[in-house]
> 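Here it is, the structure in full.
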2 protein chains.
Amino acid sequence: MGEKSVNLKALAAHLDLTVSTVSRALNDYSDISPATRERVKLAADQLGYRPNQNARRLSIGTPETVCYLMPRQIGPNAQPFVAQLLAGLGEALNERNWDLLVSQADASVGDLASIERLVRSGRIAGLVISRPLKNDPRVNLMQSLGCPFVVHGRTEKCDDYAWYDVDGEDAFVTAINHLARLGHRRIGFIGAPLQYQFAQERLDGYIRGLTHNGLAHETELVQIAEFTDEGGTAAAGILMDLLQPPTALVCVTDMMALGALEALHARKLTPGKDVSVIGYDGLHFGKHANPPLTTMAQPQAHAGRRLGDILLSIIDGADPTKFHELQRAHLVQRSTDGPVSSNAGQANVSEREDSP
Amino acid sequence: MGEKSVNLKALAAHLDLTVSTVSRALNDYSDISPATRERVKLAADQLGYRPNQNARRLSIGTPETVCYLMPRQIGPNAQPFVAQLLAGLGEALNERNWDLLVSQADASVGDLASIERLVRSGRIAGLVISRPLKNDPRVNLMQSLGCPFVVHGRTEKCDDYAWYDVDGEDAFVTAINHLARLGHRRIGFIGAPLQYQFAQERLDGYIRGLTHNGLAHETELVQIAEFTDEGGTAAAGILMDLLQPPTALVCVTDMMALGALEALHARKLTPGKDVSVIGYDGLHFGKHANPPLTTMAQPQAHAGRRLGDILLSIIDGADPTKFHELQRAHLVQRSTDGPVSSNAGQANVSEREDSP
DNA sequence: ACCGTATCCGAAACCGGTTTCGGAGCGCAA
DNA sequence: TTGCGCTCCGAAACCGGTTTCGGATACGGT
């Protein structure tokens, strides 16, 4: 309890040496005799000496800390993968005994201002940015500050900084191909606001997938909403109430897809039979949806780990533009995809006719 | 870019003052004339001066940082609420410009050793511990280290430290009462390893609920497994394959409950009709389960915020034993609870007779 | 005996802030 | 004019480490 934690001075006094000698002994300087080096290390162990990191880092000149910027929207539909990502990041940092700071931009100050304060205050050596906008001012800021950073995702122009991403465009092409093979020719797109780059990418993939399969791109089949389950329900509702409703829906997130399933249930349509639905994310939870959700799964496991490794490399002086890692998502077939139903486009109409 | 970030010395030189004067001016010391105080602050603003936090904290003597210890098990079934909790914690800390560190005990070193290193190295002023064991060595360690901490959850003996928890025992009494009112008399319990205090509490609540309703506590109706969906499936399988299977299941987590639903589906039993299922957590996801999961919901939203406030109070010198916050969970009725079915206990037997 | 060269350690500056202490300059009363 | 007190700022120590520089000792060779 009462014992002040032993610092270098105390340790030196205990050993009848000076602090400089002790410090160099602990740091394996060559100009310290092996004998005293061992003596110092032994005493340090026994007394439980732990260098004060604030002092150390001040002296060293690096904070030995990186920061993860939490995505804003943490509503009731929390981001399940934040925990996994942090775990991976922490793993990479632990190997160097670096620290992981998490920060959400202080709402009262504004994103940019609080980032600027963070790096200018010398607390962090690098930053991880999540879910960037199409043209994200945060990356510009980081570049002008000259502070190492890596982006989880991409912006529109992404040549001149490091990022790790999953190819959403490719994933949606794959999804559309799959649906086209099943006979679908009217496929609805449930998207998120296009200011998010990931939303734009996936829409691009949707369109490319359509043309690749010789299908027309009708703007009425594209619905944008907030990426929550409620947003998905609303968007799917609009699509299914069209005069010629789609026979399949692709959604930019699993959460939206789950919401879409609700909209189908409300219209007495069976997902995977009357209407196919494909989500995106590969959330573990989708397995328990009603029915189990077919989705484009991204390899979440290593994202955090890779982001950490990349960021550390850049801090070590590597060229950021060398790090452009694009992973591929793969189709996880569960139960919401199926061949186009014979009475396609009529199912809901007939159903709705007998209901009062 | 190239500009070294302005430090106190540079600012002082720019103003033709000494660093001590500038420092005191910025910190509103009374022995600085209002005139120079304003002059200093203005210049600081214009030059974008940000005090180096490492230096500041070394001098101040406090790291102005608290740490959240991530729960170990971050498998594919990630902890969805970690993000929410961190958001709340961060909010509380932001108001003071304190930092939030997250750390997962380094596996290679061991939980206790890495905690000990963390606090002895002067990096943190306080710690948040999650999901404690019945007798958790981490709280003992923190106590002997004399480092402020708060526990999210409780241990068996929890008088002499601060905690924030949801009353799991009460919640399970409530759940059993609800099921008893619906006519259930054989209720199975799907639990987690009893080394976790939360698992023990909820089992206690289960038992107390049974006796309170005049029901017998049969040990064969209690199944312990890992708290994953697979664990829930396995446990539910064992219970439903008993000679006299239960007509209702209570599960210590929503994830296990979801797994239990799978086991029911595999036996052609309809949750909420043939067998009732009640989970615990109130995960948003449960709404989209098949069928929507009835659950005991805990007020997750404020947990992080409260934990942060409590921890800061203790760091400020408040008596930790004053902080024992017990929240209540409430029943969220969705579709997996219902009256006991007339052919209770027979449904699966008959079903299984016609298969193969 | 003398010089040169390693080997090993102590002295001191430094990182960038905070805080205590003392003293210069001023006004005012005796 | 001397003395007292008040306002305002500079000098310097300190937080706890790291790192450069120089010097003392021992050792080898001639």
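Worth knowing before you read on, the calculation uses all heavy atoms, side chains too, and leaves out hydrogens, waters and symmetry mates. Keep in mind that what you see is a predicted model, and the values were worked out from it rather than measured. Quick note on labels: first sequence line is chain A, next is B, and so on, each numbered from 1.
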> Rounding to an integer number of Å, can you tell me how far B/Ile32 CD1 sits from D/dC6 P?
18 Å

> Starting at OH of A/Tyr29 and ending at C1' of C/dT7, how long is that distance when rounded to a whole Å?
17 Å

> Rounded to the nearest 0.5 Å, what separation is found between the CG atom of A/Asp99 and the CG atom of A/Leu101?
8.0 Å

> For C/dC8 and A/Thr36 - does any side-chain N or O of the residue sit under 4.0 Å from the phosphate oxygens OP1/OP2?
no

> For the residue pair A/Ser130 and A/Tyr68, confirm or rule out a side-chain donor-acceptor distance under 3.5 Å.
yes

> Checking contacts here: which listed nucleotide (C/dT19, C/dC8, C/dG10) is nearest the side-chain heavy atoms of A/Arg24?
C/dG10

> What is the distance from CD of B/Glu64 to P of C/dT18, rounded to the nearest Å?
10 Å

> Under 4.0 Å from OP1 or OP2 of C/dT18: is there any side-chain N or O of B/Asn27 that close?
yes

> Can you measure B/Asn54 atom CG to C/dT18 atom P for me and round it to whole angstrom units?
13 Å

> NA contact type, A/Asp31, heavy-atom cut-off 4.0 Å: base, sugar-phosphate, or nothing?
base

> Taking only side-chain nitrogens and oxygens of A/Ser59, does any of them come within less than 4.0 Å of OP1 or OP2 of D/dT19?
no

> Any salt bridge linking A/Asp28 with A/Lys41? Criterion: basic side-chain nitrogen under 4.0 Å from a carboxylate oxygen.
yes

> Between atom CG in B/Leu26 and atom P in C/dT18, what is the gap in whole Å?
8 Å

> When the distance from CG of A/Leu17 to P of C/dC8 is rounded to whole Å, what number comes out?
14 Å

> Just say parallel, tilted or perpendicular for the rings of B/Tyr164 and B/His152, cut-offs at 30° and 60°.
tilted

> Please determine whether side-chain contact (heavy atoms from CB on, under 4.5 Å) holds for the pair A/Arg56 and A/Glu64, giving the CA-CA distance in whole Å, both sets of side-chain angles, and the decisive distance to 0.1 Å.
CA-CA 10 Å; A/Arg56 173 158 195 281; A/Glu64 290 186 333; 2.9 Å; yes

> Rounding to an integer number of Å, can you tell me how far A/Arg120 CZ sits from C/dG17 P?
12 Å

> Of A/Pro51 and B/Thr18, whose closest DNA chain D nucleotide lies nearer the 5' terminus?
B/Thr18

> Nearest nucleotide by nearest heavy atom, which residue falls closer to the 5' end of DNA chain C, A/Arg37 or A/Ile60?
A/Arg37

> Does a side-chain N-to-carboxylate-O contact under 4.0 Å join A/Glu116 and B/Arg50?
yes

> Please determine, for the side chain of A/Ser20, which listed nucleotide (D/dT19, C/dG17, C/dC8) has the closest atom?
D/dT19

> Side chain of B/Leu58 only, please: which of C/dG17, D/dG16, C/dT20 is the nearest?
D/dG16

> Establish, with yes or no, whether the OP1 or OP2 oxygen of D/dT18 is under 4.0 angstrom from a side-chain nitrogen or oxygen of A/Ser23.
yes

> Check the phosphate of C/dT18 against B/Arg56, side-chain N and O only, distance under 4.0 Å to OP1 or OP2. Yes or no?
yes

> Does A/Thr21 make a side-chain N or O approach to OP1 or OP2 of C/dG10 shorter than 4.0 Å?
yes

> The side chain of A/Asn7 lies closest to which of these nucleotides: D/dT19, D/dG17, C/dT20?
D/dG17

> What is the distance, rounded to the nearest whole Å, between atom CG of B/Asn52 and atom C1' of D/dG16?
14 Å

